[in-house]
Amino acid sequence: MKSLTEQLACARRELAMRKNVYARRVGEGRMRGDQANHETECMAGIVATLEKAVLLEEVSNEMKRIEEARERQQQRLALAHRRPVVELG
């Protein structure tokens with residue numbers, strides 16, 4: 001399966017293509033304006049949904065990185081507390 005980012009890029013290209021092609025078809029009388037608007041709005045909705053999914057994926061990945069860093073820090077602190085203390089004098 002393609003990544004969400006790849007799917008979003010494809011959906012954006014498809015939306016741009018539909019806007020151009022459907023405008024031409026409406027102008028030529030080969031497509032109704034309301035049908036063109038409906039199809040274009042549906043694709044715009046797909047783009048918006050994928051944009052949200054990509055953002056959620058990015059936030060989730062960042063949260064995982066933060067949690068992993070926090071766990072590493074806790075491990076370092078735990079090791080530091082186990083070290084023997086050397087007293088001077």
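All residue numbers in this chain count up from 1 along the given sequence. If you're wondering where the values come from, they're calculated on a predicted model, not measured in any experiment.
Between the CD atom in Glu39 and the CZ atom in Arg25 there is a gap of 10.0 Å [rounded to 0.5 Å]. Interatomic distance, Glu58 CD to Met63 CE, rounded to the nearest 0.5 Å: 14.0 Å. Leu79 contributes atom CG, which lies 12.0 Å from atom CD of Gln74 (distance to the nearest 0.5 angstrom). Atoms CG and CD, on Leu50 and Glu6 in that order, are 12.0 Å from each other to the nearest 0.5 Å.
Side chains of Cys42 and His38 form a contact here, defined as non-hydrogen atoms less than 4.5 Å apart. Residues Met1 and Gln7 have side chains in contact (heavy-atom distance under 4.5 Å, counting atoms from C-beta outward). By the 4.5 Å heavy-atom criterion applied to side chains, Val21 and Arg18 are not counted as neighbours. Within the 4.5 Å cutoff, side-chain heavy atoms of Met43 are placed close to those of Ile46. Side-chain contact between Glu62 and Arg65 is present, with heavy atoms from C-beta onward closer than 4.5 Å. At a threshold of 4.5 Å between non-hydrogen side-chain atoms, the residues Glu51 and Leu8 count as touching.
Looking at every heavy atom in both residues, Val26 comes nearest to Ala36 through CG2-CB, 3.7 Å. Across every non-hydrogen atom of Leu15 and Ala44, the tightest pair is CD1-N, 3.9 Å.
Judged purely by distance below 3.5 Å, without hydrogens or angles, the side chains of Arg76 and Gln73 pair a donor atom with an acceptor atom. Side chain to side chain, Glu57 and Ser60 fail the donor-acceptor criterion of an N or O pair below 3.5 Å.
The cluster map of Ile, Leu, Val, Met, Phe, Trp and Tyr, joined by side-chain heavy atoms under 4.5 Å apart, puts Met31 and Met17 in the same cluster.
Looking at Glu67 and Lys64, no side-chain N of the basic residue comes within less than 4.0 Å of a carboxylate O on the acidic one, giving no salt bridge.
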